[in-house]
Amino acid sequence: MENVYAPLLDSILHEGRNIFLTGRAGTGKTTLLRRIIASEGDRTVVLAPTGLAAVNVGGQTIHSFFNFAPRLLDASDAKRLRNQRVVRAMQTLIIDEVSMVRSDMMQAIDNSLRLNRGIREPFGGVRMILSGDLHQLPPVVEGEVQPILDSEYGGAWFFKAPAIENGNFRLAALKRVFRQEDEDFIRILNGLRNSYLDEDDEALLAERVSDRTPAEASLTHVVLTPNNAAAWRINQMRLAELPGEPREYTATLEGNFDAKAFPTEDVLELKPGARIMMIRNDPQGRWVNGSLGTIVALGESDCFVEIGDETHRVGPQAWEKYRYEFDDKKRSVERSVVGSFKQLPLRLAYAVTIHKSQGLTLEKTYIDFDRGMFAHGQAYVAFSRCRSLEGLELSRRLRPRDVIIDRSAFDFGPLQTVQDNDDFLIADMAPPTLELEG
């Protein structure tokens, strides 16, 4: 992957443009973003819209950094910040999972940066690197807020904010799919991504319909379901079927760490023979986030997990919550730990919610449609976790209403192509057309 995207990475790091990094599932966005973060230096701040996303990317939440209230934001929410010296010192702001950021929040970020830096340029002159897939995670919009966002910005998506239109952004879209190699399956995923499947594709998917229930399928496949309760029920049922009493592993919490950001259960119940999923890359490369394994034995604070043909001792690992501060001596932006969550880096893996399957690669996947998909891009996320058609089973035939696409998610043109090849697209987004406020 590094060789494939080396020219793109070089362009992002050295040209200094505002960037929107995107791409299909399985194209390596997370890996490339981590390379960017590692290369950007000590005047870079990394943020994300949710606690869990912030923990995963090693950053801070947008709300906590800018002290935004959890509601519809307007011009009055741009206030003098206690961490103003951090804001003045930073040169680059990276926002991961930007598809979840609403237009009112993006505009509030721009307003706050311009106010606290005393610079009228878009985002107060800070270089912006935004990463996310508009086909996967949409912004959360309450019913009464949608008409306001439509009226004020023309929609809820982050790129509807005037700051984006004025920010001279460059689109960097990854095109090389690493997760799947089956051309038929890649074509089907593209069809799901764009809400169009031809008869041949529908026939191929119809062949994947199973006569097993989700609970039965969980013996051989990882069940992906839109329903939290269904995933919990299947996991607990399979755990209860194993002999013996479960052992509990309780997480160690320190400082400020919100329960919504827990990467796994704070009280894990495990038994020998339980199927688990690793939820963090191993520094020694023995497993990656999403690797499936089987519990072999349980210790007081650790456990032994069989992954492939090898058994590994797995101990607790810490996830840390960060806050950015200004270092007077170094005259730079520093991260400080304000909370930690220490637990075994795994979870039961008979069933997983589609939302929590983000970023995973699964060999054998059973998609439980339950009462149907209910969110933009949900079907695409579920199908794209699987590596091949052969490893896929469906609880029923895919229905048109399962493929929910918000067409306004892609209304950010026009684009002026700079470079386009089999691996990536670079294009300039719309030039500035709106006046800045204040």
Undergrad: Testing the 3.5 Å rule here: is there a donor-acceptor pair between the side chains of Tyr380 and Arg193?
TA: yes
Undergrad: Taking Arg396 first and then Asp402, would you say they form a salt bridge - that is, a charged N and a carboxylate O separated by under 4.0 Å?
TA: yes
Undergrad: Consider only side-chain N and O atoms of Arg238 and Ser218, and report whether a donor and an acceptor are under 3.5 Å apart.
TA: yes
Undergrad: What is the minimum heavy-atom distance between Val381 and Ser357, and which atoms define it?
TA: CG1-OG, 4.1 Å
Undergrad: Could you pull out the closest heavy-atom pair between Pro316 and Leu344, with the gap in Å?
TA: N-CD2, 3.7 Å
Undergrad: Shortest non-hydrogen contact from Val296 to Val305?
TA: CG2-C, 4.4 Å
Undergrad: May I ask you to test the Thr50-Thr61 pair for a side-chain heavy-atom distance under 4.5 Å?
TA: no
Undergrad: Checking Asn194 side chain against Asn190 main chain: does a donor-acceptor pair fall under 3.5 Å?
TA: yes
Undergrad: Rounded to the nearest 0.5 Å, how far apart are CZ of Arg170 and CD of Gln416?
TA: 9.0 Å
Undergrad: Does Gln60 use its side chain to pair, donor to acceptor, with the backbone of Tyr324 at less than 3.5 Å?
TA: yes
Undergrad: Going from CD1 on Ile404 to CG on Asp406, what distance comes out if it is rounded to the nearest 0.5 angstrom?
TA: 10.5 Å
Undergrad: Looking at Phe20 versus Phe158, is the centre-to-centre ring distance below 6.0 Å?
TA: yes
Undergrad: For the residue pair Phe169 and Leu171, establish whether any side-chain heavy-atom pair is separated by less than 4.5 Å.
TA: no
Undergrad: Measure across Ile307 and Gly293 and return the closest heavy-atom pair with its distance rounded to 0.1 Å.
TA: CG1-CA, 4.1 Å
Undergrad: Give the minimum heavy-atom separation between Pro139 and Ala156, together with the two atoms involved.
TA: CG-O, 4.1 Å
Undergrad: With a 3.5 Å cut-off and no angle check, do the side chains of Thr225 and Asn227 form a donor-acceptor pair?
TA: no
Undergrad: Between Lys175 and Asp420, is the closest basic N to carboxylate O distance under 4.0 Å?
TA: yes
Undergrad: Got Ile36 and Arg34 here, is their nearest side-chain heavy-atom distance under 4.5 Å?
TA: no
Undergrad: Decide yes or no for Val57 and Leu47: does some side-chain heavy atom of the first lie under 4.5 Å from some side-chain heavy atom of the second?
TA: no
Undergrad: Take Thr92 and Arg127 through the test side-chain hydrogen bond (donor to acceptor under 3.5 Å, both in side chains) and record every step on the way to the result.
TA: CA-CA 5 Å; Thr92 302; Arg127 187 197 184 194; 5.1 Å; no
Undergrad: With a 3.5 Å cut-off and no angle check, do the side chains of Asn256 and Arg323 form a donor-acceptor pair?
TA: no
Undergrad: Going through the checks in order, is the side chain to side chain contact (heavy atoms under 4.5 Å, CB included) test met by Leu298 and Phe304?
TA: CA-CA 6 Å; Leu298 300 172; Phe304 292 84; over 6 Å; no
Undergrad: For atom NZ of Lys271, decide whether the heavy atoms of other residues, nucleotides or ligands shown that lie under 6.0 angstrom number more than 12.
TA: yes
Undergrad: Can you tell whether the side chains of Arg387 and Asp182 come within less than 4.0 Å, N to carboxylate O?
TA: no
Undergrad: Go through the side-chain N and O atoms of Thr220 and Arg212 and say whether any donor and acceptor fall under 3.5 Å apart.
TA: yes
Undergrad: Output yes when a side-chain donor or acceptor of His376 lies under 3.5 Å from a complementary backbone atom of Leu134, and no otherwise.
TA: yes
Undergrad: Does the Gln146 side chain pair with the main chain of Gly143, one donor and one acceptor, at a distance under 3.5 Å?
TA: no
Undergrad: Run the side chain to side chain contact (heavy atoms under 4.5 Å, CB included) test on Glu325 and Arg335 for me, step by step, so that the C-alpha distance in whole Å, both residues' side-chain angles and the decisive distance to 0.1 Å come before the verdict.
TA: CA-CA 6 Å; Glu325 298 174 335; Arg335 286 191 315 175; over 6 Å; no
Undergrad: Checking Asp104 against Gln107: is there a side-chain donor and acceptor pair closer than 3.5 Å?
TA: no
Undergrad: So for atom CD, which belongs to Glu241, do other residues, nucleotides or ligands contribute more than 12 heavy atoms lying within a distance under 6.0 Å?
TA: yes
Undergrad: Is any side-chain heavy atom of Asn166 closer than 4.5 Å to a side-chain heavy atom of Glu121?
TA: no
Undergrad: Under the criterion side chain to side chain contact (heavy atoms under 4.5 Å, CB included), I'd like the reasoning laid out for Leu224 against Leu362: C-alpha separation, chi angles, the key distance, then a yes or no.
TA: CA-CA 10 Å; Leu224 297 185; Leu362 303 173; 4.1 Å; yes
Undergrad: Take Asp258 and Lys321 through the test salt bridge (charged side-chain N to carboxylate O under 4.0 Å, His left out) and record every step on the way to the result.
TA: CA-CA 9 Å; Asp258 186 22; Lys321 181 178 179 181; over 6 Å; no
Undergrad: Could you check if a side-chain atom of Leu270 sits within less than 4.5 angstrom of a side-chain atom of Tyr249, using non-hydrogen atoms only?
TA: yes
Undergrad: Quick check for you: to the nearest 0.5 Å, what is the distance between Leu205 atom CG and Glu207 atom CD?
TA: 9.0 Å
Undergrad: Any side-chain to backbone donor/acceptor pair from Asn421 onto Phe424? Under 3.5 Å, distance only.
TA: yes
Undergrad: Scan side-chain atoms only and decide if Thr294 and Glu306 contain a donor-acceptor pair under the 3.5 Å cut-off.
TA: no
Undergrad: Side chains of Ile19 and Leu130: closer than 4.5 Å at any heavy-atom pair?
TA: no
Undergrad: Dump the intermediate steps for side chain to side chain contact (heavy atoms under 4.5 Å, CB included) on Thr250 and Glu265, then the final yes or no.
TA: CA-CA 8 Å; Thr250 302; Glu265 286 79 8; over 6 Å; no
Undergrad: Under a 3.5 Å cutoff, is there a donor and acceptor pairing between the side chains of Trp287 and Asn281?
TA: no
Undergrad: Tell me if a side-chain donor or acceptor on Arg208 pairs with a main-chain N or O of Glu393 at a distance below 3.5 Å.
TA: no
Undergrad: Is there a donor-acceptor pair under 3.5 Å between the side chain of Ser112 and the backbone N or O of Ala108?
TA: no
Undergrad: Decide, yes or no, whether a salt bridge links Arg397 with Glu202 under the criterion of side-chain N to carboxylate O below 4.0 Å.
TA: no
Undergrad: Does a sphere of radius 6.0 Å around CG in Asp198 hold more than 12 heavy atoms from other residues, nucleotides or ligands, not counting ones at 6.0 Å or beyond?
TA: yes
Undergrad: Around atom NE2 of His355, are there more than 12 heavy atoms of other residues, nucleotides or ligands at under 6.0 Å?
TA: no
Undergrad: Can you list the steps and then say if Gln343 with Thr264 is a side-chain hydrogen bond (donor to acceptor under 3.5 Å, both in side chains)?
TA: CA-CA 8 Å; Gln343 179 60 289; Thr264 187; over 6 Å; no
Undergrad: I'd like to know if the side chain of Asp282 reaches the main chain of Arg286, judged simply by a donor and an acceptor atom lying under 3.5 Å from each other, with no hydrogens or angles considered.
TA: yes
Undergrad: Under a 4.0 Å threshold between the charged nitrogen and the carboxylate oxygen, would Glu142 count as salt-bridged to Arg102?
TA: yes
Undergrad: So which atom in Leu242 and which in Pro272 form the shortest heavy-atom distance, rounded to 0.1 Å?
TA: CD1-O, 3.9 Å
Undergrad: Using the six-membered ring wherever Trp is involved, compare the ring planes of Tyr5 and Phe178 and label them parallel, tilted or perpendicular (cut-offs 30° and 60°).
TA: perpendicular
Undergrad: Can a salt bridge be assigned to the pair Asp201 and Arg187 using a cut-off of 4.0 Å between side-chain N and carboxylate O?
TA: yes
Undergrad: Keeping the roles fixed (side chain from Tyr350, backbone from Arg275), state whether a donor-acceptor pair exists under 3.5 Å.
TA: yes
Undergrad: Keeping the roles fixed (side chain from Asn18, backbone from Gly167), state whether a donor-acceptor pair exists under 3.5 Å.
TA: yes
Undergrad: How long is the gap from CG on Leu346 to CG on Leu268, to the nearest 0.5 Å?
TA: 6.0 Å
Undergrad: Are Ile426 and Leu8 close enough that some pair of their side-chain heavy atoms sits under 4.5 Å apart?
TA: yes
Undergrad: Assess the side chains of Tyr322 and Glu320: does a donor N or O sit below 3.5 Å from an acceptor N or O?
TA: yes
Undergrad: Does NZ or CZ of Arg280 come closer than 6.0 Å to the centre of the six-membered ring of Trp319, within 45° of the ring's axis?
TA: yes
